[in-house]
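Only one structure is covered here, and it is reproduced in the block below.
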Amino acid sequence: MAKKVYVGLSGGVDSSVTAALLKEQGYDVTGVYMKNWSQDLPGFECPWKEDYQDAKRVAVQLGISFKMYDFEKEYRKEVVDYMIAEYKAGNTPNPDIMCNQEVKFKLFLNTALSDGADMIATGHYAKLSNGKMYMADNLDKDQTYFLYRVTEDALKKSLMPLGEFKTKDEVRAIAKKLGLVTADKKDSQGICFVGKVGIREFLEQYVEAKTGKIIDQNGLTMGQHDGAIFYTIGQRHGLDVGGGLPYYVSGKNMKKNEIHVTTNLDDKNLWRRQLKLTSIHIINDKKIFNTLTLNKLSVRTRYRAPLISCNFDLKTGVVDLKDEIRAVTAGQSAVFYLDGQCLGGGIIV
RNA sequence: UGGGGCGUGGCCAAGUGGAAAGGCACCAGUUUUUGGUACUGGUAUUCGCAGGUUCGAAUCCUGCCGCCCCAG
């Protein structure tokens with residue numbers, strides 16, 4: 001009997017093609033739309049209805065069963081509340097990493113399993129094998145960075161067939177060939193499920209704007225901002241300070257509600273050669289960090305950023321980098337790779 | 001109120017007689033399943049104000065206003 005796979009259909013091309021491929025491979029496929037967010041925001045209409053419609057139409061086109069899971073409450077608690085709390089603490093969180101950890105590969109997985117599924121599948125660009133995760137063949141699209149906090153057990157029950165594709169064009173070609181309504185749909189951006197809203201517009205729903213000082217590298221007050229919480233390290237735009245050279249955020253003081261800026265691209269506050277991690281999550285056997293292969297270990301501190309050679313001390317959480325990295329930001333994640341395998345990572349303090 | 005300097009779009013700043021560079025900011029777009037970065041494009045009929053000289057001035061002259069520095 002065919003294995004039952006529940007595919008997370010977001011209403012985009014990637015998940016559509018994922019479902020199509022699995023069906024073709026003989027799986028008993030059910031498409032599931034996760035309703036995680038439906039609230040409109042100022043100047044931005046939440047696309048959930050449209051996405052839901054597209055997901056359903058794809059399911060109909062493919063002739064697979066379809067259902068919707070409503071995880072709004074949980075998404076709000078695990079992802080949105082986490083995000084707000086982190087911002088309030090002066091950090092810059094990555095909500096999509098949390099979404100994968102808590103919603104897609106925990107809540108969705110467990111719900112699907114108890115619903116009769118044997119496995120789940122998603123349209124992520126990553127390769128899975130026996131609970132191990134490897135970078136996608138399409139290095140431009142590789143999404144392992146967002147998946148490093150998923151557990152080995154969850155990965156063992158997941159499929160990500162798009163990891164084998166070298167280009168996005170091939171994926172779209174399949175969608176076109178099958179005449180799927182999502183074939184030409186633009187790739188989604190912004191916070192997963194919430195959409196392309198400015199982070200500032202989003203946060204303003206939950207925190208009050210408070211005027212504070214913008215101070216440059218010489219200690220001079222350059223102007224005012226509406227809340228240090230809205231800014232992140234390395235940020236250039238949105239400060240409304242002009243005059244000669246661009247200013248980049250080099251630091252912030254949440255207590256004083258001040259943000260520090262610099263025009264010096266080499267400012268030492270913008271470059272780090274060492275990181276300290278917390279909430280470390282290693283996907284498979286931690287012993288791998290004790291082996292001699294460590295000189296091949298590399299890390300990235302941002303999606304799609306080049307890999308940087310490094311050393312990592314699992315006990316202390318300290319990462320020593322071979323090259324300096326710009327605008328390393330507390331709350332963001334550092335993810336380790338060894339020969340194309342994603343080992344896990346941690347959150348930068 | 002002796003001497004000197006300055007006043008060009010929100011900011012910095014070229015241009016000193018031929019019909020307003022550039023940068024920052026801002027806006028739009030591209031890239032991107034976080035934030036951010038980067039890239040492309042857009043933005044002054046007008047040069048503190050008022051007169052004058054000139055075929056023609058932001059550029060020369062006069063007056064006024066404002067600011068800065070030195071001196072007293």
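First the proteins, then the strands, lettered A, B, ... as listed; each starts at 1.
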- prompt: Can F289(A) and F312(A) be said to form a ring pair (Phe, Tyr, Trp, His ring centres under 6.0 Å), step by step?
  reply: CA-CA 8 Å; F289(A) 284 99; F312(A) 176 51; 5.2 Å; yes
For nucleotides [N] and [M], find the distance between their [atom1] atoms and express it as a whole number of Å.
| N | M | atom1 | value |
| --- | --- | --- | --- |
| rG15(B) | rU59(B) | P | 15 Å |
| rC11(B) | rA71(B) | P | 31 Å |
| rU8(B) | rA21(B) | C1' | 12 Å |
| rG23(B) | rA44(B) | P | 14 Å |
| rG48(B) | rG5(B) | C1' | 16 Å |

Just call it for [X]: base, sugar-phosphate, or nothing, with non-hydrogen atoms closer than 4.0 Å on any strand.
| X | result |
| --- | --- |
| Y231(A) | nothing |
| R236(A) | sugar-phosphate |
| G238(A) | sugar-phosphate |
| L239(A) | sugar-phosphate |
| T263(A) | nothing |

- prompt: Taking only residues two or more places apart in sequence or in another chain, which ones pass salt bridge (Lys or Arg N to Asp or Glu O under 4.0 Å) with R200(A)?
  reply: E204(A), D226(A)
message: If you assign V241(A) and R302(A) each to the RNA chain B nucleotide with the nearest heavy atom, which residue ends up on the more 5' nucleotide?
response: V241(A)
Taking only N and O in the side chain of [X], is any of them less than 4.0 Å away from OP1 or OP2 of [N]?
| X | N | value |
| --- | --- | --- |
| H237(A) | rG36(B) | no |
| Y248(A) | rA38(B) | yes |
| K186(A) | rU31(B) | yes |

task: Identify whether NZ of Lys or CZ of Arg in R300(A) sits under 6.0 Å from the centre of the six-membered ring of Y337(A) and within 45° of that ring's axis.
output: yes
- prompt: Taking both distances under 3.5 Å as the test for a Watson-Crick or G-U pair, what stems of at least three pairs does RNA chain B have?
  reply: B:2-7 with B:65-70, B:10-12 with B:22-24, B:26-30 with B:38-42, B:48-52 with B:60-64
Partner residues of Q341(A) under the side chain to side chain contact (heavy atoms under 4.5 Å, CB included) criterion, sequence neighbours left out: K132(A), Y134(A), N284(A), L343(A)
message: Less than 4.0 angstrom from a charged side-chain N to a carboxylate O is my criterion; do K35(A) and E72(A) meet it?
response: yes
- request: Could you work out which one of rG36(B), rC26(B), rU34(B) sits closest to the side chain of Q235(A)?
  value: rG36(B)
